[in-house]
**Q** 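A single structure is presented below for examination.
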Amino acid sequence: MTYDIIIIGGGITGVSIAYELAKKKAGKILLLEKEFLSAGSSGSCAAGIRAQFGSEFNIGLMKLALEKFEVLAEELEYPADRIGLWQGGYLVMSSSQPEWESLKARVIVQHRLNVMTEVLTPGEVKYRFPDVNVDGCFGATYHSKDGHADPFYTVFAYGKAAERFGVEIRKRTEVTELVRDDQGIKGVRLADGDTIEAKQVLVATGAWTHHLMKTIGLDIPLWGERHEILITEPVERVFSPMVISFSLGYYIQQRPHGSFIMGLPPEQKHRWFDPAQFDISPTWGFLERMSDTVQRILPRFKGLNIVRQWAGLYEITPDSHHIIGPIEEVPGLFSAAGGSGHGFMYGPGLAPIMAEWMLGQSLSYDITRLNYQRFAKGELVIEPAVVG
Ligand SMILES: Cc1cc2nc3c(=O)[nH]c(=O)nc-3n(C[C@H](O)[C@H](O)[C@H](O)COP(=O)(O)OP(=O)(O)OC[C@H]3O[C@@H](n4cnc5c(N)ncnc54)[C@H](O)[C@@H]3O)c2cc1C
């Protein structure tokens with residue numbers, strides 16, 4: 001059977017683009033996922049969502065994504081309490097004078113784009129968020145519309161809506177190879193040896209993207225990097241923002257049911273291009289570093305029991321931005337991967353634009369700078385506000 005579009009990967013990126021394409025009546029669409037929806041990074045993440053970026057490009061894009069998150073439950077006809085959008089704000093802490101100056105400079109850009117972030121002195125942080133220890137903090141910025149959602153249900157909601165619009169989703173179906181000829185992409189080969197043809201193929205396989213593109217000789221600069229995270233026992237719901245530091249790398253939030261989720265970047269960074277190298281085993285060192293950090297930042301919650309720790313992969317690119325759009329060497333082939341530590345929040349914002357791009361329509365927001373060609377041209381997308 002021949003499809004108009006095959007999408008590989010059932011994370012937030014793949015399902016949201018599948019939905020947007022189907023909504024635009026893009027023809028026969030097949031989504032292939034080797035495990036289950038949200039089995040990759042999307043199901044491992046903290047699902048934080050923020051417009052507090054530093055570049056106009058990212059602030060504008062994330063403003064669109066936030067607006068989409070706000071209507072997502074209604075649009076996808078999925079229970080709002082499951083998608084679980086919680087807009088308790090992001091409290092971005094500074095830990096040096098230069099960092100503080102840089103955060104304030106970003107707020108000027110955010111205000112220009114109508115992202116009304118507040119600038120708080122340490123005293124104001126203490127007054128507004130008495131649980132936060134402000135020792136060593138030079139000031140913080142706070143945007144009340146930032147927040148987080150439930151990553152699993154968000155992906156499931158997109159998957160269900162895509163199916164309602166006619167997308168065929170096949171789980172437990174691994175693509176082992178892309179298939180091309182001199183004219184362009186032809187389709188995909190599955191683990192059982194079957195070939196499925198399509199006019200367009202979108203690779204939305206997160207950290208697995210380098211490996212899959214390699215099957216037709218493409219060398220995409222995208223690798224997996226282990227990031228650890230933990231969740232505590234639930235306690236009374238008292239803490240609303242995501243408290244985060246880009247320089248120290250921590251982020252801590254309380255979920256609607258009362259558990260705290262928190263993470264820190266790895267001490268040692270590995271660049272894993274080949275899935276055979278992927279190691280997402282949890283470490284004792286992370287538990288110690290994370291416990292020390294949370295006791296320092298939120299001392300009131302000292303003594304909370306940890307119920308689970310896990311690790312997932314950031315899918316990183318040289319500038320920590322997606323590689324998205326057509327792969328020019330292979331007409332009909334597209335990529336949408338590489339969201340690094342912010343690929344969940346970007347999903348709903350990028351998806352409608354990516355659907356426009358695949359269908360040859362004019363783009364409602366110019367994301368062409370995220371194209372793969374930027375590396376050859378040396379035109380990296382620079383963004384200071386990433387966790388990493
Ligand atoms: C600990 C941690 C915390 C994070 N916190 C945040 C956060 O707070 N906010 C945020 O925005 N982002 C966060 N991220 C990043 C975010 O999780 C990712 O950027 C995002 O989920 C990527 O989504 P994706 O759909 O592109 O990739 P994935 O979710 O990885 O989906 C790719 C899918 O492709 C499938 N696949 C791979 N190869 C094949 C194949 N050959 N055939 C078929 N299927 C295949 C995989 O099984 C997988 O399901 C975090 C990540 C981690 C690890």
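Both counts, for ligands and for their atoms, begin at 1 and track the order of listing. Just so it is clear, the structure is predicted and the values come from calculations on it, not from any experiment. What you see below is based on every heavy atom in this structure, not just the backbone, and it leaves out hydrogens, waters and symmetry mates.
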**Q** Go through Tyr153 and Tyr158 one step at a time and tell me if the ring-ring contact (aromatic ring centres under 6.0 Å, His included) criterion holds.
**A** CA-CA 8 Å; Tyr153 282 125; Tyr158 267 118; over 10 Å; no
**Q** Using a heavy-atom cut-off of under 4.0 Å, does the side chain or the backbone of Glu315 touch ligand 1, or both, or neither?
**A**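 The part of Glu315 near ligand 1 is the side chain, not the backbone.
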**Q** Please confirm whether Ala337 comes under 4.0 Å of ligand 1, counting heavy atoms of the residue only.
**A**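 The answer is no: ligand 1 sits nowhere under 4.0 Å from a heavy atom of Ala337.
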**Q** Consider only side-chain N and O atoms of Arg189 and Thr176, and report whether a donor and an acceptor are under 3.5 Å apart.
**A**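 Distance-only check fails for Arg189 and Thr176.
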**Q** Go through ligand 1 atom by atom and flag the ones less than 4.0 Å from a non-hydrogen atom of Thr173.
**A**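 Per the distance check, 43 (C).
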**Q** What is the nearest protein non-hydrogen atom to atom 28 (P) of ligand 1, stated with its residue, atom name and distance?
**A**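 It is Ser41 N, 3.6 Å.
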**Q** How close does the nearest protein non-hydrogen atom get to atom 26 (O) of ligand 1, and which residue and atom is it?
**A**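 Its nearest protein heavy-atom neighbour is Thr13 OG1, 2.6 Å.
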**Q** Do Pro282 and Trp310 have side chains that get closer than 4.5 Å, going by heavy atoms?
**A**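 The answer is no, as the side chains (C-beta and beyond) never meet within the 4.5 Å cut-off.
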**Q** Among Val15, Thr176, Val175, which one puts a heavy atom closest to atom 41 (N) of ligand 1?
**A**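 Nearest option to atom 41 (N) of ligand 1, by heavy atoms: Val175.
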**Q** Could you tell me whether Tyr346 approaches ligand 1 through its side chain, its backbone, both or neither, with non-hydrogen atoms closer than 4.0 Å?
**A**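 Under 4.0 Å from ligand 1, Tyr346 contributes no heavy atoms.
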**Q** How far is atom 11 (O) of ligand 1 from the closest protein heavy atom, and which atom is that?
**A**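 Looking at atom 11 (O) of ligand 1, the protein heavy atom closest to it is Met345 N, 2.7 Å.
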**Q** Ignoring hydrogens, just give me the one of Gly206, Gly312, Ser38, Gly48 whose non-hydrogen atom is nearest atom 53 (C) of ligand 1.
**A**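 It is Gly312 whose heavy atom sits nearest to atom 53 (C) of ligand 1.
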**Q** At under 4.0 Å between heavy atoms, which part of Phe344 makes contact with ligand 1: side chain, backbone, both or neither?
**A**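 Phe344 to ligand 1: contacts from backbone and side chain alike.
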**Q** Nearest protein heavy atom to atom 44 (N) of ligand 1, by residue and atom, and its distance?
**A**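 The closest one turns out to be Lys34 N, 3.0 Å.
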**Q** Taking 4.0 Å as the limit for heavy-atom contacts, which would you say applies to Ala47 with ligand 1: side chain only, backbone only, both, or neither?
**A**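 Answer for Ala47: backbone.
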**Q** Do Asp135 and Arg296 sit within salt-bridge range, that is, some charged N less than 4.0 Å from a carboxylate O?
**A**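 Salt bridge: no.
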**Q** So, 4.0 Å and heavy atoms of Ala204: is ligand 1 close enough to count as a contact?
**A**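 Checking ligand 1 against Ala204, which is what was asked, there is a heavy-atom contact under 4.0 Å.
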**Q** So, applying ring pair (Phe, Tyr, Trp, His ring centres under 6.0 Å) with His227, which one of Tyr250, Tyr251, Tyr314 is it?
**A**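 With His227 as partner, Tyr250, Tyr251, Tyr314 yield a single ring pair (Phe, Tyr, Trp, His ring centres under 6.0 Å), made by Tyr314.
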**Q** For ligand 1, which atoms sit closer than 4.0 Å to a heavy atom of His342?
**A**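 It comes down to these atoms of ligand 1: 10 (C), 11 (O), 12 (N).
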**Q** Do Arg271's NZ or CZ and the ring of Phe273 fall within the cation-pi criteria of under 6.0 Å and 45°?
**A**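 Judged by the rule, Arg271 and Phe273 form no cation-pi pair.
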**Q** Has Gly341 got any heavy atom lying under 4.0 angstrom from an atom of ligand 1?
**A**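 It does, in that a heavy atom of Gly341 comes within the 4.0 Å cut-off of ligand 1.
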**Q** Which heavy atom of Leu202 sits nearest to which heavy atom of Ser335, and what is that distance?
**A**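 For Leu202 versus Ser335, the nearest heavy atoms are CD1-C, 3.8 Å.
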**Q** Is it the case that more than 12 heavy atoms not belonging to Gln97 sit under 6.0 Å from its CD atom?
**A**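 It does: Gln97 CD has more than 12 such atoms within range.
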**Q** Which of these passes salt bridge (charged side-chain N to carboxylate O under 4.0 Å, His left out) with Glu56: Arg369, Arg106, Arg112?
**A**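 Answer to the salt bridge (charged side-chain N to carboxylate O under 4.0 Å, His left out) test with Glu56 among Arg369, Arg106, Arg112: Arg112.
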**Q** Under 4.0 Å from a heavy atom of Ser44: which atoms of ligand 1 are those, numbered in the order shown and with their elements?
**A**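 Atoms satisfying the 4.0 Å criterion: 1 (C), 2 (C).
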**Q** Would Asp279 and Arg226 pass as an ion pair if we require N to O under 4.0 Å?
**A**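 Result for this pair is yes, salt bridge flagged.
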**Q** Can we say Glu168 and Lys28 salt-bridge, meaning some charged N sits less than 4.0 Å from an Asp/Glu carboxylate O?
**A**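 Salt bridge between Glu168 and Lys28, a charged N being under 4.0 Å from a carboxylate O: no.
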**Q** Salt bridge between Lys63 and Glu67, side-chain N to carboxylate O under 4.0 Å?
**A**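 Yes, this pair counts.
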**Q** Note the single closest protein heavy atom to atom 52 (C) of ligand 1, along with its residue, its atom name and the distance in Å.
**A**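 Looking at atom 52 (C) of ligand 1, the protein heavy atom closest to it is Tyr314 CE1, 3.5 Å.
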**Q** Does NZ belonging to Lys145 count more than 12 external heavy atoms closer than 6.0 Å?
**A**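 No, NZ of Lys145 has 12 or fewer neighbouring heavy atoms, counting only those of other groups under 6.0 Å.
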**Q** Does any N or O atom in Cys45 lie less than 3.5 angstrom from one in ligand 1, N or O only?
**A**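 Such a contact does not occur with ligand 1.
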**Q** Among all protein non-hydrogen atoms, which one is nearest to atom 29 (O) of ligand 1, and what is the separation to 0.1 Å?
**A**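 For this ligand atom, the closest protein heavy atom is Ser42 OG, 2.6 Å.
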**Q** Evaluating non-hydrogen atoms only, which member of Glu33, Arg226, Arg50 is closest to atom 46 (C) of ligand 1?
**A**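 Result: the heavy atom closest to atom 46 (C) of ligand 1 is in Glu33.
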**Q** Out of all atoms in ligand 1, which are within 4.0 Å of some heavy atom of Tyr251? Include the element for each.
**A**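 Counting atoms of ligand 1 from 1, those under 4.0 Å from Tyr251 are 1 (C), 3 (C).
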**Q** Would one find an N or O of Gly343, backbone or side chain, under 3.5 Å from an N or O of ligand 1?
**A**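 Among all N and O atoms of Gly343, at least one is under 3.5 Å from an N or O of ligand 1.
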**Q** For atom 5 (N) of ligand 1, what's the nearest protein heavy-atom neighbour? Residue, atom name and distance, please.
**A**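 Scanning the protein heavy atoms, the shortest distance from atom 5 (N) of ligand 1 goes to Ala46 N, 3.2 Å.
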**Q** Do Ser340 and ligand 1 have an N or O pair less than 3.5 Å apart?
**A**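 Right, the criterion is met.
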**Q** Please tell me whether Thr117 and Gln52 have a donor and an acceptor in their side chains that are separated by less than 3.5 angstrom.
**A**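 Per modelled atom types, Thr117 and Gln52 side chains form no pair under 3.5 Å.
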**Q** Do the charged groups of Arg172 and Glu33 touch, with an N to O distance under 4.0 Å?
**A**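 Answer for the salt bridge query: no.
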**Q** Please report the C-alpha distance between Tyr142 and Tyr90 in whole Å, then the side-chain angles of each, then the deciding distance to 0.1 Å, and finally whether the ring-ring contact (aromatic ring centres under 6.0 Å, His included) criterion is met.
**A** CA-CA 6 Å; Tyr142 175 72; Tyr90 258 59; 9.6 Å; no
**Q** Record the part of Ile49 in heavy-atom contact with ligand 1 below 4.0 Å; permitted values are side chain, backbone, both and neither.
**A**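 Under 4.0 Å from ligand 1, Ile49 contributes no heavy atoms.
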**Q** What protein heavy atom sits nearest atom 34 (O) of ligand 1, and how far away is it?
**A**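 Protein heavy atom at minimum distance: Gly9 CA, 3.3 Å.
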**Q** Under 3.5 Å between some N or O of ligand 1 and some N or O of Leu313?
**A**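 For ligand 1, there is no N or O atom that lies under 3.5 Å from one belonging to Leu313.
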**Q** Using a plain distance cutoff, I'd like to know if Trp208 has any nitrogen or oxygen under 3.5 Å from a nitrogen or oxygen of ligand 1.
**A**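 Among all N and O atoms of Trp208, none is under 3.5 Å from an N or O of ligand 1.
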